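Working notes, beginning with the structure itself.
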Amino acid sequence: MDLALSEEQQQLITAFAGLFGRGSFPDQVRAAEPAGFDAALWHDLTETGVLSMAVPERQRGWGASMLDLGLVAEQAGRWLAPAPVIECQAAARLLAHVGSAVALETLTAAIAGTRLVSLSLHPARGGVAALVPAGTVCDALVVLDEDRLLLVPTPDERRRAVVNLGSAPLADIDIADGAELASGAAATEAFESVLDEWLVLTASALVGIGAAALENVCRYAAERRAFGGVIGGYQGVAHPLAEDATRLDGARLLAQKAAWALDTRDPRRRELAALAFAFASATADRVTYQAIHFHGGYGFMLEHDVQLFYRRARGWARIWGSADDAYRRAASARYSAAHLRCA
C-alpha cells in the first residue's frame, strides 16, 4: 500500500479546492441554508466532471480510484460545500455497477447534469425511504426495498423535507413505484458495497471539516490575548489542539487505507470502511467541539464561521448513523468473516 499522492492527485486537489473555494465561501454556505443546496455550484461541479470521474471507463467515465474520490470529498468537507457530491457519486457508481439499460440511461442523464440521482442510505420501511441525502432536490433515488434495489422517481408530492442540524437537503420519500435494478442477494450486496463507499468518502469529508475547523481555531488562538499573552501559548489550549492535529492525521490515514482496500478488493474492506467512518466521525466531533470551546462565547454565535463546521460535522455523519453504529458494522464484518473461515 503506497498512499503517497501522485502529481496528478495533487493537481486534482488543487483543481477542486479552487472550485469549492470559489463557490463555498462562508457567506455562500449560509446563503444556501436552510435548503443546503447551491444549484450554481452543483452545475459547475457536474460541468467539471465530478460524476464522470466516479464512473468506470467502460461506461465512458474517468475511472477514478476511491482514493481520488476521497481527495475530492475531503475538499468538499473543508469548504462545507452545499452540494450532494458524495451521495451522487455513490449512486452513479451503483448505476454503473448494475449496468442495466434503465440504469445506464439514468447514469448518462446524471453525468450530463439533466437528472440529479441520489442514494438512500437506509433500506425502505413501510414504503418510505427515510433521511434521504439530497432528498429535497433529487429527481430520482436508488433505494433498497426488502431484497429489491429500485430506481424511483421523486416528485414533490412524495417527499417531505426534514429539518436537520447540518442544514442538509434531507427528505423522507414515499417509494410507490420504481424500476427494479436488481433483486435477491445481488441487490443486497450491491447496496452494502455502495454503502461502504459512502462511508469511506464521508470519512474523508469529515477529515476536511475537522482540518478546516482546526485551522480556524489555531488562527484565533494565535491572535486572541488573555492574561497577558496569546491564548495559544498556554498549555491548556496548545496541547489539546496539537492532539487534534494528530487525530486528524490518523483519521486521514485510515480513510485513505480504507479507500485503498475498496480499490484492491481487500478482504477487510468492509471492516476498514466502517472503522474509517467511526474514527473520522468521532475525531470531527472532538475537533469542532474544541474549536467552539476555545472561541469562547464567540463560537456559539451564528454569525461566527466556526459553528458551521460544528453543525455539519454532526449533521453530515448522522444521516447514516453514529460512530458506535459504525463500530458495530465493523465488528459484524470482522466476526462474520471469522465465522465463515471457521466453517
Side-chain angles (χ1 to χ4, degrees), residues 51 54-56 59 66 69 84-107 109-110 115-155 158-160 162 168-203 258 262 265 269-271 273-274 277 316-322 325-326 328-333 336-337:
L51 294 182
V55 176
Q59 272 91 19
M66 283 299 298
L69 299 182
V85 174
I86 295 173
E87 40 274 4
C88 290
Q89 284 183 336
R93 289 172 67 85
L94 182 54
L95 292 171
H97 172 75
V98 170
S100 66
V102 65
L104 294 181
E105 179 184 356
T106 304
L107 176 60
R115 295 190 78 188
L116 196 159
V117 184
S118 189
L119 171 73
S120 176
L121 304 177
H122 305 279
R125 291 186 177 180
V128 177
L131 294 180
V132 175
T136 62
V137 295
C138 65
D139 301 301
L141 170 68
V142 181
V143 58
L144 184 68
D145 184 18
E146 296 183 348
D147 65 344
R148 297 189 307 149
L149 193 63
L150 303 177
L151 176 68
V152 300
T154 55
R158 291 189 185 174
R159 54 186 166 199
R160 298 171 295 281
V162 178
L170 300 182
D172 294 339
I173 299 177
D174 297 329
I175 54 167
D177 55 28
E180 184 175 296
L181 300 176
S183 62
T188 302
E189 180 54 31
F191 174 77
E192 293 298 332
S193 294
V194 78
L195 183 55
D196 290 336
E197 294 177 351
W198 185 90
L199 290 171
V200 170
L201 296 181
T202 301
L262 290 176
R265 304 290 296 172
R269 58 188 180 278
R270 181 152 298 159
E271 176 186 346
F277 176 87
W316 286 13
R318 300 309 190 276
I319 294 172
W320 176 76
S322 67
D325 293 324
R328 282 189 286 270
R329 181 177 174 86
S332 177
S336 294

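Remember, predicted model here, so these are calculated numbers, not experimental data. Nothing fancy with the numbering, it's 1 onward along the sequence.
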Which atom pairs, one a donor and one an acceptor, fall under 3.5 Å between side chains of residues 138-148 and the rest of the protein, sequence neighbours left out?
unit_1	atom_1	unit_2	atom_2	d
Asp139	OD2	Leu116	N	2.7

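- Side-chain N or O atoms of Asp172 include one that pairs as donor or acceptor with a backbone N or O of Leu131 at under 3.5 Å.
- At least one side-chain heavy atom of Leu51 sits less than 4.5 Å from a side-chain heavy atom of Gln89.
- Nearest heavy-atom pair, Glu271 versus Ala333, reported as atom, atom and distance to 0.1 Å: N-CB, 3.9 Å.
- Pairing each heavy atom of Arg318 with each of Ser322, the nearest pair is CD-CA, 4.2 Å.
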N/O donor-acceptor pairs under 3.5 Å from side chains in residues 95-106, not counting sequence neighbours:
unit_1	atom_1	unit_2	atom_2	d
Ser100	OG	Ala103	N	3.3
Thr106	OG1	Val102	O	2.8

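- The minimum heavy-atom distance linking Ala134 with Pro84 is given by the pair CB-CB, 3.6 Å.
- Atom CG of Leu151 sits about 11.5 Å away from atom CD1 of Ile175, to the nearest 0.5 Å.
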Donor-acceptor contacts under 3.5 Å from residues 192-202 side chains, at least two apart:
unit_1	atom_1	unit_2	atom_2	d
Glu192	OE1	Arg329	NH1	2.8
Glu192	OE1	Arg329	NH2	3.0
Ser193	OG	Glu189	O	2.9
Ser193	OG	Glu189	OE2	3.0
Asp196	OD1	Arg270	NE	3.3
Asp196	OD1	Arg329	NH2	2.8
Asp196	OD2	Arg270	NE	2.7
Asp196	OD2	Arg270	NH2	3.1
Glu197	OE1	Arg93	NE	3.0
Glu197	OE2	Arg93	NE	3.4
Glu197	OE2	Arg93	NH2	3.3
Thr202	OG1	Trp198	O	2.8

Original post:
Is there a side-chain contact (heavy atoms from CB on, under 4.5 Å) between Glu180 and Leu149 once you walk through the steps?
Top reply: CA-CA 6 Å; Glu180 184 175 296; Leu149 193 63; over 6 Å; no
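- Pairing each heavy atom of Val152 with each of Gly178, the nearest pair is CG1-CA, 3.7 Å.
- If you take CZ on Arg158 and CD1 on Ile173, they are separated by 10.0 Å, rounding to the nearest 0.5 Å.
- Taking CZ of Phe191 as the reference point, atom CG of Leu119 lies at 6.5 Å (rounded to 0.5 Å).
- Arg269 and Leu262 make their closest contact through CB-CD2, 3.8 Å (heavy atoms, listed as atom of the first residue, atom of the second, distance).
- Across all non-hydrogen atoms, the minimal contact from Phe277 to Ala317 is CZ-O, 3.6 Å.
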